[in-house]
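These numbers were taken from a predicted model, which means no experiment stands behind them. Order of the sequence lines sets the chain letters (A, B, ...), proteins ahead of strands, with each chain counted from 1.
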Amino acid sequence: MRRTKVADAVRAEAPADAVLIQGWVRTRRSSKGVHFLELNDGSGPETLQVVVDADLSGAGEVEQSATGAAVSVEGALVESPGRGQTWELQAREVRLLGAADPEVYPLQKKRHSDEFLRSIAHLRFRSNKYGAVSRVRSTAALAVHDFFRERDFYCLHTPILTASDCEGAGELFKVTAQDPERIAEKGYSPEEDFFGKRTYLTVSGQLAAEAAACGLGQVYTFGPAFRAEDSNTPRHAAEFWMVEPEVAFAGLGEIVDLAGELLVFITGRVLSERGPDIDLLSRFAETDLSRRLESVRDQGLHRLEYGEAVRILEQSEREWTYPVFFGADLQTEHERYLAEEHFRSPVAVLNYPREIKPFYMRENEDERTVAGFDVLLPAVGEIVGGSQREERLEVLQRRMREMGIDPADYEWYLDLRRYGSAPHAGFGLGFERLVMFLTGVGNIRDAIPFPRASGQLEY
RNA sequence: UCCCCGGUAGCUCAAUCGGCAGAGCGGGUGACUGUUAAUCACCAUGUUGGCGGUUCAAGUCCGUCCCGGGGAGCCA
């Protein structure tokens, strides 16, 4: 018999005589004549109530089917006489697939803290909250691909291993094929290493995506990035996934539009496909979640100039720890004020002072700002950073020298400006931060299945 | 990396001034004719994060390390 998923069973339109359900026991309630099992199989946040009469042959198996056990039940899907559920499964045959000793099984039929669940990351897929987060993450990931596919972008795989050590995005992980013992003995010699040069894990696929866009037109990457920053915050991970579109012949305005549309598209998809999970997360993670997601889906992105942002901050009543003036980078306190209090919505800040942004952002006509932008989210902070890219060879070379970067290390990147240089623009979106926004979880380590952070490499 | 807070039963937490280590939930056993955070009765929870120190006496004070949380910086 083919397995019926719990999510489908609880939405049945009619009774069914022969149904097979397989799942994990969330709770069991027993009285003298009858046992009740609630099963979840990951198909959604719902559980299906299974009724096992005590005189059923094989009811003994139920004795061992405590919270956490895997069971297989065949029976009839019938209207439930009890309150709290429409349908229930009247069991004809119950088989225990795998017991879970309740004395030691860590998950209980009660609410656990995020910290505890994180310490049993291999089992937390079976929890209500983390199960919902996992499903939302999957829906969001597939929505990314659907969004770009609808717009005729090419999906691009960029290298994980890289030799460029100064993309300006934090500390890099060093990679070597040499034995640590040998290095300790003889010192490290890049020439004798696997690639014959110093090797790192990528911090971004951007430079490669630029090359691809300047030929394919419009591309996006969706892959892992690595930062060896020893940053211990709820918003940073050492390994995370990034979505990086890059579009030829596009300017700042178009790429900001694209970021806003992407955000709206994914939010809408999650709302329509994962309603029950969003409802659950609204109860367990953040009460305001549904309303917030709906407002983003319907209203999209606010946008304002960096200069306006500075004026808003200067004119606010707030006392700032870090001073606000044209030329200062926006601190976390400023970003939070803009997104959480002033606009109460996602906001894109455009055209930052050139001194505080990387070399590849295109210099504006005013010669003091660059065509870059950040998208700030309430509670999550910066989720997108992007720009129109500097396509003028001389300007790019000058900017690199100004920022202490040797143009000789970027000959291939400069070639894109030497031959058929075209305006182009792109951005990077932190996928886990997006998942935080979509689910209301407060820590990035709960937005990715097996988080990696400094001092943490479990599983 | 810096600042602040924390680490006690499986989980969440309490323990006054340094003086017998506790509760709720979870678990076990039994009862109960359909429960749904089931209910009722009884039972057991332990290297108080590790190491060292002060003291007659340390969960409590001191040092140090580890881990977790919050904030900051860096950024996605």
Does A/F431 lie flat on the base of B/A76, that is, centres under 5.5 Å apart and planes under 30° off? no
Would you indicate what A/E103 reaches in the nucleic acid, counting non-hydrogen atoms under 4.0 angstrom: base, sugar-phosphate, or nothing? sugar-phosphate
Check each residue of residues 85-96 of chain A for a non-hydrogen atom within less than 4.0 Å of any atom in RNA chain B, then write out the ones that pass by number, or none. A/Q85, A/E88, A/Q90
If you look only at pairs with a residue in residues 433-459 of chain A, which of them pass as a ring pair (Phe, Tyr, Trp, His ring centres under 6.0 Å), with sequence neighbours excluded? A/H122-A/Y459, A/F125-A/F450, A/F450-A/Y459
Tell me what A/F116 touches on the nucleic acid: a base, only sugar-phosphate, or nothing, going by heavy atoms under 4.0 Å. sugar-phosphate
For nucleotides B/U48 and B/C5, find the distance between their P atoms and express it as a whole number of Å. 24 Å
Stems formed with participation of RNA chain B [Watson-Crick or G-U wobble, under 3.5 Å, three or more pairs]: B:1-7 with B:66-72, B:10-13 with B:22-25, B:27-31 with B:39-43, B:49-53 with B:61-65
Which of these nucleotides, B/G70, B/C25, B/A76, is closest to any side-chain atom of A/K110? B/C25
So is A/R124 actually on top of A/Y130's ring, under 6.0 Å and inside 45° of the axis? yes
For nucleotides 7-9 of chain B, tabulate all protein N/O to nucleotide N/O atom pairs closer than 3.5 Å, reporting atom names and distance.
none

Do A/K129's NZ or CZ and the ring of A/F284 fall within the cation-pi criteria of under 6.0 Å and 45°? no
Quantified in whole Å, what is the C1' atom distance between nucleotide B/A37 and nucleotide B/G46? 27 Å
Is any N or O donor-acceptor pair between the side chain of A/Q49 and the base of B/U35 shorter than 3.5 Å? yes
Taking atom types as they are modelled, is there a donor-acceptor pair under 3.5 Å from the base of B/C75 to the side chain of A/R433? yes
At a heavy-atom distance below 4.0 Å, what parts of residues 328-347 of chain A sit against RNA chain B? A/Q331, A/T332
Shorter than 3.5 Å, N or O on both sides, protein versus nucleotides 31-33 of chain B: list them out with atom names.
{"unit_1": "B/C32", "atom_1": "OP2", "unit_2": "A/K32", "atom_2": "NZ", "d": "3.4"}

